[in-house]
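Have a look at the structure below, then the notes.
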Amino acid sequence: MRGNFILLLFMGALVPSVYCQDSDYPWAWDCRNEVVEANENATLEDRCVRVMKSENINATGINTCKLTCGPNGVLWPRPTSVELGKDVNFFIPDNIRIYTGVCPANVRILLDVAYQIFSDNIAHYTPDSITWNTTYTHEVNIAVQVTDNQEHLNYDTDESYTLRIISTEDDTAVTIHAETFFGARHGLETLSQLIDYDDEHETLQIVSDVVITDYPVFKHRGISLDTSRNYIGIPSIERTIDGMASNKLNILHWHITDSHSFPLEVKSRPKMMQYGAYSPSQVYRESEVAELIKYAQVRGVHILPEFDAPAHVGNGFQWGEEDGLGKLTVCVEQEPWQSVCVEPPCGQLNLANENMYDVLSDIYKDMVDMFQPMHVFHYGGDEVNLACWNETEEIIEWMEGKNSSRDADDYYREWSNFQERARELLVNASKEVDAESSVGEFGILWTSHLTEEDNVKKYLNPDEYIIQIWTDNKSNIIKEVLEAGFRVIFSNYDAWYLDCGFGAWVGAGPPNINWCSPYKGWQTVYDNSPHHIAKDLTGETHEDKIFGGEVAMWTEQTDEMALDSRLWPRSAAFGERMWSNPSESWRLAETRMVHQRKRLVQRGIHADRLQPEWCHQNEGLCYAYPAEDINPELTTSPSVTTDGGSNLATMFVLNVVAIMFIALN
Amino acid sequence: MKWGNNSCSAVWVFLLFVSYHATCIASYTSPWGWECRTEPVDGNPDPTQVDRCIKVEKSISPSATGLNTCILTCGPHGAIWPRPTGPTHIGPYTAYFLPQNIGQVTTTCPGSIRHYLDMTIEVFVDNINKYHPDYVDGSAPWDGPYGPEVTDQSLEIHIIVTEESMTLDYNTDESYDLNVVHDGSITSATITAPTFFGARHGLESLSQLIDYDEEKDSLQVVHSAQISDSPVFPHRGIIVDTARNFMDVKSIERTIDAMAASKLNIFHWHITDSHTFPLNLENLPDMVEWGTYSSRHIYQPADILHLKEYALVRGIYILPEFDAPAHVGNGFQWTEEAGLGKVVVCLNKEPWMQFCVEPPCGQFNLANSNIYTVLSSIYDGMVPLFQPLSSFHYGGDEVNLNCWNTTQEIIDWMTANDYGLSSDSYYEQWSIFQENARLELTEANGDVEVPGIIWTSSLTESGHADQYLDPEKYIIQIWTTGDDPIIGELLEDGFNVIFSNFDAWYLDCGYGAWVGGPGNNWCSPYKGWQTVYENNPIQLASDITGADYSSQILGGEAALWSEQVDSLNADAKLWPRASALAERLWTNPSESWRMAETRMIHQRQRLVARGIAAERLQPEWCHQNEGLCYA
């Protein structure tokens, strides 16, 4: 038997911190079984309770408590099955050994990178530069075993793993068994969440005894990232992938282009980028894309490219006429935009121009080459504006030349013809590179007019397309596509659009907020269950057809500066919905969620703050429940006003005086 | 199962930080340029014509320039933010120059302030270096190669200041005049101001006549400009809360940098609250030991002194708040052991809804006269850190009478002294506490009285304010809605006021609920920059009272309560929306946000260039296609 040992070296951050003595710190934590506030069932739950160190000999540091308290410790997303020990062993990084057992050679190479990522992740738990105390001799031996040689994630990938930890006083033995590399890396991710820094001992610590069997409920667990409205630099996309890996998300759906900009280098058509990028520094080179795909692969993430068409095109195509190809797109930057598209700038492919298909074919070929192996492709296909086509002289003449009338149905027919030609171009390009490519079965389209009512059956084949739902959770379209036999991905905007709730960006009047407001809080993201939505609309859960979901990060109002805080930690909430599909509400996940946010921050992601740190240190005390449960008179206050959806603190803040009068009387 | 070292070959892998950006890929030249044209404002009911930068193909319009050149010189105010209030002329051309070719810099001023002028000039030079896209840690690669059109050009700066005061208060004259002329190869900028603060603002405006030129990889300056400028309101602030979550010193510095970029002048620091007491007072170390989240969440005295100076050089006064008698709690747990009894009551009391507005609860124990011992120690510790005080914030908001009235010690004390247990009895005692606090603060400040600021509260409500508070001694900071009749009453009672009405100027609103849920936080929705911009205190006062109270309105503050904010996201929540506030308070424009939109977008870009992670308001397409993102 051959195996490799990897000795992990740790690099602490170099920021000195010499404030008051930690030994003066008066607080410690104790895991206690307490009532969950605001839970109608009055469930008892394990909680880390802050206590005075001087009065509680058994209390520990906060991380020790969190690692071992409750059935799931601080594991995120919650594993399918887990037993956690109540003790930890303290160790220093020098004493970690990782060993690859039975494993195909190609996977061994991927695992070696995954070990580095693992070690980097746990290195980030240490807050300051630190000199490890070598008197801690406890050894941590990690053995990883993988049976299958699969290197690329697809819809058939087995992502399951088992993880066991047993320990003695001297050492901890960790075993991770997985069918594929992807399961093994999830196992390493879980292992990294069974480890944390300990302030008291100034060591790392690992949970003493663990048995985990784990696999995801949904196979498509994605983030859709738009890099056209605003450019997102490669380091930010890498950070996004880091965050995804931390939450076992596996699909980065890359909405690369749109009418605003075309930042992608297409080698056969270099003018696309030259005319289409915001500036020469805001582009994705082919070589950068290749590196990014590898970066994602070793983190268990597949990059799913989208080239949105026939709408959502525009900038980048302006060179067509000069180069003798005629107008490739129509309505580009046409004014007033409201009459020909949903947001400025407008633009749609010119159906009347055969040259358009040549350019489309070249774009597809280059994308197929860049995104190998391509088992799934996103055609976009949303928000076609028929008025654009129907007001363009060239298209009117073309329709008339075909003796076609110009009703909506005629344009739907032409749109679906376009879609079929696009599909053939893409699938053919893909088959040329890989005859086995499954992309013919897995084309993705957004819900649109083409997926409505009768159209979807008439124009699209359920064996060829997966439909990505971006309507709200009550839309009849969901029922239509499920009952027509389509496989679906959920991105219903009322829960999973992360760009909502900010200021208006196309001028408006008060209240000056964007179209899909309000903001979707993490609780809303967490509670959004595709199975429940399907059942409410159709009476069935359609589990076989629901591949999963994506949160969407449209970037009209996001660039690298605030990307992290829009995506995280809300996408972590989504991650648990996709992986664990919990039957309980967000309330039972709250303390783990807040800790997961902290973990993301340690890993270099500028995740949003959900709560005061006080809530992290005082688990379960940042609750709210209806006032009548504690004091019925409070709600009779004459001047109480609540705005819909706001939490109850509103009335307390606004009406504190009124409430107090009543309380006093 | 065990694995021994000797059973396998060992491979040592060193941890590397992998960078995918080491290789530089050959660039291409963009086909686009920009031209300043006069066009109608879309979406504006009155068809005003304005100057706009229009994206054109360079091959078709050879005179088109880079985007920055166009934006610097297009329109009556170029890219200056906030818009100057006096006569302003911005010329149509720019001259290239490099930071190393800043020639003569002269300062004519009282000797005592020369040091500060020198430091603020250093800030200016650093700011213009930051326009380079590859600026890192204090320097930018001005590598060229450059032709004579760049290298033969230089910038001279002359600053003339007459007064020697370095104190920023409500009487400070912040006005300045800026004159830029060009003579062949020298661009000469002259700033004349009565005070250091005006001169600093003049330098800020000069830095906004400068930007990076993409084609030459050089700086450029508008080479003919005259600006005469002064603020409408003297109090132009941001309140930052560092108690709900900690903000590190670096992020406070960034906040101050961004304030300076928008000529805001008050950093109101809500340092403590019931959640934490992160301030290390050397005369009272127990407060921070018990009150901090951890040893990494502390402001040391040296940090405060550093920030005070950092702010002053950037024209900003740090206004400290110690909120009392409510909004206290963590930090005070040591007093019983120390024999001082309970200084805080209702601390962390459950269910919190009965005793405070958000967890954790806590209020001073009115029945314990030792609260004044502790309070005076806190003031004694704070004053030297923040002095000279121009004003002080006592907090004074959200006292929960039910907390006091359910605490046996206080009930006994109220009863024993025949104060009664009615609401009015408690208001009376609260106001006595407030007066005692004011006396303690004044004593700590060497018996020098300073304007005290308190939040609107039950004490400032109808029939209370005039009964309990002296308009000569207190400024009221309004955080109710902008149409609250209380505003009228306070003005009619003669109080000076600062606006922070939450329906426009609370920047923490619109996010998810943090207690309970689902749903969003209490002051939702989010306040878009347009809402922030259009919130006009003088107009609000006049709508309520029908009279002009502009002389009593000192200004306003945007508030960033930090329940859901920390060092990581503060920039995006504050900026660029606080820049919209800044133009309201400096310029008090009569036009709507529509006329400011393109400058606002560019100001956001400027903040990002200066290292502030400001939020994006629009697709970059809107920045490159001015005026087309209308509705």
Side-chain angles (χ1 to χ4, degrees), chain A residues 3-7 9 17 19-20 22 24 26 99 141 229-230 260 274 278 280 285 291 344 501-508 511-513 518-519 521-524 556-559 561-562 565 606 608-609 611-614 621-622 624 630 645-647 649-650 652-653 657 660-661 663-664, chain B residues 1 3 8 10-13 15 20 25 27-28 30-31 43 244-245 275 289-290 293 295-296 298 351 353 357 359 401-402 405 423 458 510-520 522 524-526 528-531 563-566 568-569 572 613 615-616 618-621 628-631:
Chain A
N4 295 338
F5 272 111
I6 308 277
L7 181 80
L9 297 185
S17 167
Y19 291 134
C20 76
D22 276 329
D24 295 337
Y99 165 85
N141 296 307
R229 274 60 179 258
N230 279 302
H260 302 67
Q274 288 169 18
Y278 281 130
R285 297 289 187 166
E291 292 297 335
F502 293 88
W505 71 268
V506 273
N512 297 316
I513 49 176
Y519 181 88
W522 79 269
Q523 302 95 330
T524 301
E556 281 87 352
Q557 299 176 284
T558 305
D559 66 10
M561 296 298 133
S565 63
H606 284 203
D608 213 12
R609 257 288 174 188
Q611 295 184 327
E613 186 155 346
W614 189 84
L621 296 187
C622 292
I630 50 166
S646 295
N647 75 53
T650 313
F652 290 99
V653 173
V657 180
M660 286 182 309
F661 275 126
L664 285 165
Chain B
M1 201 173 171
W3 297 275
C8 307
V11 176
W12 297 63
V13 176
L15 214 151
Y20 290 114
I25 304 164
S27 192
Y28 61 90
S30 168
R244 275 60 179 257
N245 281 303
H275 302 67
E289 271 175 32
W290 290 78
Y293 282 132
S295 60
R296 289 177 294 277
I298 295 173
M353 290 90 151
V357 292
L401 301 192
N402 194 46
N405 201 38
S423 300
S458 320
Y511 293 85
W514 70 269
V515 278
N520 285 343
W522 73 273
S524 292
Y526 180 89
W529 79 269
Q530 302 95 330
T531 300
E563 282 86 352
Q564 299 175 291
V565 179
D566 63 14
L568 295 185
N569 62 7
E615 197 153 67
R616 251 293 177 200
Q618 294 184 327
E620 186 162 349
W621 187 84
L628 296 186
C629 292
Y630 58 88

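Quick note on labels: first sequence line is chain A, next is B, and so on, each numbered from 1.
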Sorted by chain and residue number, the side-chain contact (heavy atoms from CB on, under 4.5 Å) partners of B/Gln564 (sequence neighbours excluded) come out as B/Tyr511, B/Trp514, B/Asn521, B/Lys573
Who pairs with B/Thr531 by side-chain hydrogen bond (donor to acceptor under 3.5 Å, both in side chains), at least two apart in sequence or on another chain?
A/Asn512
Tell me, for B/Ala572 versus chain A, whether the close heavy atoms (under 4.5 Å) come from the side chain, the backbone, both or neither.
side chain
Among A/Cys622, A/Pro612, A/Pro280, who wins on heavy-atom pairs under 4.5 Å with chain B?
A/Pro612
Residue among A/Gln557, A/His606, A/His260 with most heavy-atom pairs under 4.5 Å to chain B:
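Heavy-atom pairs under 4.5 Å are most numerous for A/Gln557.
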Test item: B/Tyr526 side-chain N/O and A/Pro518 main-chain N/O as donor-acceptor pair under 3.5 Å
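No.
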Any donor-acceptor N/O pair, A/Glu613 side chain to B/Tyr293 backbone, under 3.5 Å
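Here the side-chain-to-backbone pair does not exist.
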Between A/Thr558 and chain B, with a heavy-atom cut-off of 4.5 Å, which part of the residue counts as in contact: side chain, backbone, both or neither?
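Backbone only.
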Should B/Val565 and A/Arg609 be marked as a side-chain contact (heavy atoms from CB on, under 4.5 Å) after you check the CA-CA gap, both sets of side-chain angles, and the distance that decides it?
CA-CA 5 Å; B/Val565 179; A/Arg609 257 288 174 188; 5.7 Å; no
Sort out for me which of B/Ser30, B/Pro359, B/Cys629, B/Gly528 touches chain A most, counting heavy-atom pairs under 4.5 Å.
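Sorted descending by pairs with chain A, the first entry is B/Cys629.
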